[in-house]
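Note sheet for the following structure.
No hydrogens, no waters, no symmetry mates; every other heavy atom, side chains included, goes into these values. The structure presented is a predicted model; accordingly, all values stated were derived computationally and were not measured.
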Amino acid sequence: MDLKGKRVAIFVDQQYQEMEVWYPYYRLIEAGAEAHFIAAEAPKNYPSKTGYPCVSHKSYDAVRAADYDGVIVPGGFAPDFIRRHPASSHFIAEMNAQGKLVAAICHGLWCLCSANVLRGKRCTSFFAIKDDVVNAGGLWEDSEVVVDGNLVSSRMPDDLPAFMKACMQVLAGR
């Protein structure tokens with residue numbers, strides 16, 4: 001699938017889940033898209049749950065939703081840090097308002113809860129945050145990937161192939 005000309009923000013913070021950051025990053029690059037690591041500060045090294053480094057390209061304050069075609073929020077413990085920054089929630093909400101890809105996997109849906117974009121939307125997440133997703137208005141289901149318009153969600157690293165296939169289809173306009 002050709003995604004040349006598409007730009008995607010991948011949120012990152014400390015204790016991210018490695019596969020949920022790097023698998024999407026490399027799949028997007030392979031398809032010709034630009035992918036940027038976005039975090040609270042940039043450039044800054046954010047270690048994964050096991051210490052694997054990820055250096056942010058830009059900060060939340062330095063990006064605009066108008067300049068991107070999608071956002072991907074990984075899981076691990078990073079979402080608990082990401083959602084502490086109002087600018088990250090604002091970015092997600094703006095992407096959603098513009099009908100652009102808003103994708104989250106595992107605990108990443110915590111950030112979508114904080115951005116208030118789940119009300120009435122079908123979605124999934126890691127089972128441990130199901131109550132949070134439901135309380136934010138999400139219509140939770142246990143599936144490897146759920147697509148509801150521009151919203152793509154998955155449960156865990158094992159779901160990454162289906163997750164990225166769906167993300168890429170939304171980005172391509174299918």
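- One finds the CZ atom of Phe91 at 10.0 Å from the CZ atom of Arg64 (value rounded to the nearest 0.5 Å).
- A distance of 9.0 Å separates OG in Ser143 from CG in Asp159, rounded to the nearest 0.5 Å.
- Side-chain atoms of Lys100 come within 3.5 Å of backbone atoms of Ala65 as a donor-acceptor pair (strictly under, hydrogens ignored).
- The two residues Val145 and Ala166 make their nearest non-hydrogen contact at CG2-CB, 3.8 Å.
- The distance from the OG atom of Ser125 to the NE2 atom of His107 is 8.0 Å, given to the nearest 0.5 Å.
- The 12-atom threshold is not exceeded at NZ of Lys165, counting heavy atoms of other residues, nucleotides or ligands nearer than 6.0 Å.
- In terms of hydrophobic clustering, with Ile, Leu, Val, Met, Phe, Trp and Tyr side chains grouped at heavy-atom distances under 4.5 Å, Val73 and Val102 are assigned to a common cluster.
- Residues Ala103 and Cys167 come closest through the heavy atom pair CB-SG, 3.5 Å.
- Put simply, the side chain of Pro24 reaches to within 4.5 Å of the side chain of Met164, judged on heavy atoms.
- Note: Trp22 and Phe37 meet the aromatic proximity criterion, with ring centroids under 6.0 Å apart.
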Apply side chain to side chain contact (heavy atoms under 4.5 Å, CB included) to the pair Leu28 and Leu3, showing each step before the final yes or no. CA-CA 8 Å; Leu28 290 166; Leu3 295 178; 4.1 Å; yes

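- No continuous path of ILVMFWY side-chain contacts below 4.5 Å connects Ile92 to Val8, so the two sit in separate hydrophobic clusters.
- Residues in residues 11-29 take part in these salt bridge (charged side-chain N to carboxylate O under 4.0 Å, His left out) pairs, two or more places apart or across chains: Arg27-Glu30.
- Cys113 approaches Val133 most closely through the heavy-atom pair SG-CA, 3.8 Å.
- Rounded to the nearest 0.5 angstrom, Asn135 CG and Ile129 CD1 are separated by 11.5 Å.
- Across every non-hydrogen atom of Asp148 and Arg122, the tightest pair is OD2-N, 2.8 Å.
- Looking at Leu139 and Cys123, their side chains never come closer than 4.5 Å, going by heavy atoms from C-beta outward.
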Could you go through Met156 and Phe127, starting from their C-alpha distance and side-chain angles, then the distance that decides it, and tell me whether this counts as side chain to side chain contact (heavy atoms under 4.5 Å, CB included)? CA-CA 9 Å; Met156 64 187 106; Phe127 74 92; over 6 Å; no

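- Checked against the 6.0 Å centroid threshold, Tyr16 and Tyr52 do not count as a close aromatic pair.
- At most 12 heavy atoms of other shown residues, nucleotides or ligands fall within 6.0 angstrom of atom CZ in Phe77.
- Under the 4.5 Å side-chain heavy-atom criterion for grouping Ile, Leu, Val, Met, Phe, Trp and Tyr, Val170 is not connected to Leu151 through any hydrophobic cluster.
- Within the 4.5 Å cutoff, no side-chain heavy atoms of Val146 are placed close to those of Val152.
- Residues meeting the side chain to side chain donor-acceptor pair (under 3.5 Å) test with His36, sequence neighbours left out: Glu34, Tyr68.
- For the residue pair Asp80/Trp110, the side-chain donor-acceptor check at 3.5 Å is not satisfied.
- Shortest non-hydrogen contact noted between Asp61 and Ala87 is OD1-CB, 3.5 Å.
- Once rounded to the nearest 0.5 Å, the distance linking CG of Asn96 with CG of Leu112 reads 8.0 Å.
- In this structure the side chain of Gln169 reaches within 4.5 angstrom of the side chain of Met1, judged on heavy atoms.
- A distance-only check finds no donor-acceptor pair linking the side chain of Asp69 to the backbone of Leu171 [under 3.5 Å].
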One pair to check against side chain to side chain contact (heavy atoms under 4.5 Å, CB included): Ile72 and Phe11. What are the steps and the verdict? CA-CA 6 Å; Ile72 296 176; Phe11 283 3; over 6 Å; no

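- Side-chain contact between Cys111 and Arg83 is present, with heavy atoms from C-beta onward closer than 4.5 Å.
- For Lys130 (side chain) and Trp140 (main-chain N/O), no donor-acceptor pair under 3.5 Å exists by modelled atom type.
- Judged by distance alone, with hydrogens and angles left aside, the side-chain atoms of Ser153 form a donor-acceptor pair with the main-chain N or O of Thr124 at under 3.5 Å.
- Here the shortest heavy-atom pairing between Phe163 and Ala104 reads CE1-O, 3.5 Å.
- Residues Lys6 and Lys4 fail the side-chain proximity criterion, which asks for heavy atoms closer than 4.5 Å.
- The shortest distance between side-chain heavy atoms of Arg155 and Phe126 does not fall below 4.5 Å.
- Between the CE atom of Met19 and the SG atom of Cys106 there is a distance of 10.0 Å, given to the nearest 0.5 Å.
- Ile38 has its side chain out of reach of Ile10: every pair of non-hydrogen atoms, C-beta onward, lies at least 4.5 Å apart.
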Leu101 and Met95: CA distance, side-chain angles, deciding distance, side chain to side chain contact (heavy atoms under 4.5 Å, CB included) verdict: CA-CA 7 Å; Leu101 171 69; Met95 294 296 284; over 6 Å; no

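- Taking hydrophobic clusters as Ile, Leu, Val, Met, Phe, Trp and Tyr residues chained together by side-chain heavy-atom distances below 4.5 Å, Val55 does not share a cluster with Tyr46.
- In terms of hydrophobic clustering, with Ile, Leu, Val, Met, Phe, Trp and Tyr side chains grouped at heavy-atom distances under 4.5 Å, Leu160 and Tyr25 are assigned to a common cluster.
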